[in-house]
2 protein chains.
Amino acid sequence: MLTLRQMRYFGALASTRHFGKAAALANVSQPALSAQIMEMEEHLGCKLVERNRSGVLLTRNGMEALRRVQAILAEVERLEDAVRENGGILHGLVRIGIIPTVAPYLVPRLVPHLRRDHPDIEIELREAVTDRLVTDLLDGRLDTVIAALPIEADNVEVQPLFSDRFFMAMANNDRDVLMSPLTENQVDADRLLLLEEGHCLRDQALAVCGTAGKRSLVNFGATSMTTLLQMVSHDMGMTLIPEMAIPTETARNDLRIVPFAEPAPSREIGLIWRKSSGRAEDMAALAQAIAACVPANAG
Amino acid sequence: MLTLRQMRYFGALASTRHFGKAAALANVSQPALSAQIMEMEEHLGCKLVERNRSGVLLTRNGMEALRRVQAILAEVERLEDAVRENGGILHGLVRIGIIPTVAPYLVPRLVPHLRRDHPDIEIELREAVTDRLVTDLLDGRLDTVIAALPIEADNVEVQPLFSDRFFMAMANNDRDVLMSPLTENQVDADRLLLLEEGHCLRDQALAVCGTAGKRSLVNFGATSMTTLLQMVSHDMGMTLIPEMAIPTETARNDLRIVPFAEPAPSREIGLIWRKSSGRAEDMAALAQAIAACVPANAG
DNA sequence: TCAGCACGATAAGTTTTTCCTATCGAAGAA
DNA sequence: TTCTTCGATAGGAAAAACTTATCGTGCTGA
């Protein structure tokens, strides 16, 4: 079996053309180097050097081998450097999973921010419901997940990012005249519009409105926040809207946003990654970047 | 110190994503492989794999390392192949030294012949006097020498190639009326033109004409056979011409070629190489190629 | 919920590899 | 000739790598 040790010794021999000096260069005794060279020749099945009066000559095979050996040793050195230097924080590919009720409001601000502060980053995004994201995270298809807490998974590290208050959204011309601020039991569960199964915001909405057990009449399940709020703006009902979605969605739809009475219900958004990934530093940097993107909601 | 063994195990681990299977693939026990991976991580200063429930995951550093490791292992394999396959006979660079009284008559026929029969050959030629060629050979700057025998050097192998008879060349209008065939003592040493010091043909001419001790009047020493024969054709004297030079030189100059009486004097041209070069096969092929180039002179 | 299983880490002892010192033998130099 | 240089060889020590056996943890299914 060819070894790097043999190649290193052979490189030293080629550059000194002298067994003794090569051994000194390689910090071993001359017989040790001789033996390795002989073993290398044995393995390759041909002489690499000629031992002569006027020192050492490389054979033709030796020259060919030398070129390749030097290339290999250089490659090895680059491997050591590349992994050691490591590119610093948030370098290279980072695969981020984000739940659909956060992604559209965070991504447009987060990505440019990351690109600016970490020019070497390469971002891969996936948008899916929490369960799917956590599975992908645990299976190594994602490096980190941004989702609503709490997360039920072992072996993960969780860093809370910010708290995102809920508001009630309804059509501006809605006939309901709700108190503002709203108390949670004022909500008519039959008029509550929800996202489809699997979205954590659906469960949160049901929890907030105290209707976990009830069956909502209009519960067909929208596929996105935007769809949901379009329905709301067409006076088909009302829905819970997280604060971070308000600027974007009110710009798109004609909505009335009604706050809840304090203590306002909210969701906690957090960053999740595998404990064993050893990327706590990257994650801290990412958390910081996210915090810098949502100043209005920080809390 | 990074080793190829570590890389091979790491490659196996990356492809199986399972320590046990990787160990089987590498034909070692699982603890042995674990230890090598750990050592590699230690050396590189970072984790390469995450050990998890769902098997083994490569870290980001691990992926970077894997790419480089695979490249390195492929390079090593190519090194083994390249040296082992070896390209067959007369492949790659062959550095040939030829004495000046042979080169102009052999090279134009030999080089195309070699290129045709050994397409992978790369020929480097040097023309110099025997002493210089032998020094270069022994110092490894040449692979082989074509010169007149005998050669005084140790550690070399000698393969006689062909015998090259001498003729006397003189101007066609020379007043001397020599017997043909010529006997050696008929030559007027004072009219003998010679190459400069160092050429073996000079010494051979002096020996043939039995004038080793005499001082030739026109002994200023020409630098080449062609120069010498131009002088001859201008009736400045006569000179010994080897048979292989006759076709070329009589085409260039108006010469009278007179044979010697049998046994005609001759020189023996041979192929010389370092015993330790281990290229006997190459040299045999080269000798054969040369023989095929000089059929008229074969003897 | 608990035994069973899968998997990587650890332990202990053995084998293999690598190395060192000392010395040999050949070849060139004085 | 004798001396010196240089790579190879010998013998034994040190280091590396390997093996089997076992541990600990986390998942799985009765």
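Side chains included, hydrogens not; waters and symmetry mates left out as well; all remaining heavy atoms used. Reminder, nothing fancy here: chain letters follow the sequence lines and each chain counts from 1.
- Spacing between atom CD of A:Glu42 and atom C1' of C:dT17 amounts to 15 Å, rounded to whole angstrom units.
- For the pair A:Lys21 and B:Glu39, nearest-nucleotide mapping onto DNA chain D gives the more 5' position to A:Lys21.
- In terms of modelled atom types and a separation under 3.5 Å, the side chain of B:Ser163 and the main chain of B:Glu268 share no donor-acceptor contact.
- In this structure, B:Leu138 places its CG atom 14 Å from C1' of C:dA27, rounding to the nearest Å.
- Per the geometry, CE belonging to B:Met1 stands 16 Å off P belonging to D:dA15, to the nearest Å.
- Using modelled atom types and a 3.5 Å distance limit, the side chains of B:Thr3 and B:Arg8 yield no donor-acceptor pair.
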**Report entry** Steps toward side-chain contact (heavy atoms from CB on, under 4.5 Å) verdict (A:Leu44, A:Asn61)
**Finding:** CA-CA 10 Å; A:Leu44 292 177; A:Asn61 280 329; over 6 Å; no
Requested in this report: Could you provide the dot-bracket string of DNA chain D, using ( ) for intrastrand pairs, [ ] for crossing pairs and | for bases paired to another strand, with Watson-Crick or G-U pairs below 3.5 Å?
Outcome: ||||||||||||||||||||||||||||||
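- When each of A:Gly20 and A:Arg5 is assigned the nucleotide of DNA chain D bearing its nearest heavy atom, the one mapping closer to the 5' terminus is A:Gly20.
- Side-chain contact between B:Arg274 and B:Glu157: absent, with no pair of heavy atoms (C-beta onward) separated by less than 4.5 Å.
- Residues of residues 23-38 of chain B having a heavy atom closer than 4.0 Å to DNA chain C, listed by number: B:Gln30, B:Pro31, B:Ser34, B:Met38.
- Between the side chain of B:Asp164 and the backbone N or O of B:Arg267, no donor-acceptor pair lies under 3.5 Å.
- Proximity of a side-chain donor or acceptor of A:Arg202 to a complementary backbone N or O of A:Leu195 within less than 3.5 Å is detected.
- Side chain of A:His118 to main chain of A:Ile121: no donor-acceptor pair is present (N/O by atom type, distance under 3.5 Å, no hydrogens or angles).
- At least one donor-acceptor pair under 3.5 Å links the side chain of A:Glu41 to the backbone N or O of A:Val49.
- One interatomic measurement links the two molecules: NE2 of B:His43 to P of D:dA17, which rounds to 12 Å at whole-angstrom precision.
- The distance between atom CZ of B:Phe19 and atom P of C:dT10, rounded to the nearest whole Å, is 11 Å.
- At a non-hydrogen distance threshold of 4.0 Å, A:His18 from residues 6-18 of chain A come into contact with DNA chain D.
- Residues B:Leu58 and B:Phe10 meet the side-chain proximity criterion, which asks for heavy atoms closer than 4.5 Å.
- In this structure, B:Leu48 places its CG atom 15 Å from P of C:dG8, rounding to the nearest Å.
- Looking at heavy-atom distances under 4.0 Å, B:Glu50 makes no contact with the nucleic acid at all.
- Between C:dC7 and B:Arg51, no contact under 4.0 Å exists linking OP1 or OP2 to a side-chain N or O.
- In this model, a donor atom of one side chain and an acceptor atom of the other lie less than 3.5 Å apart for A:His43 and B:Glu80.
- Put simply, the side chain of A:Arg95 never gets that close to the backbone of A:Glu124: no donor and acceptor are under 3.5 Å apart.
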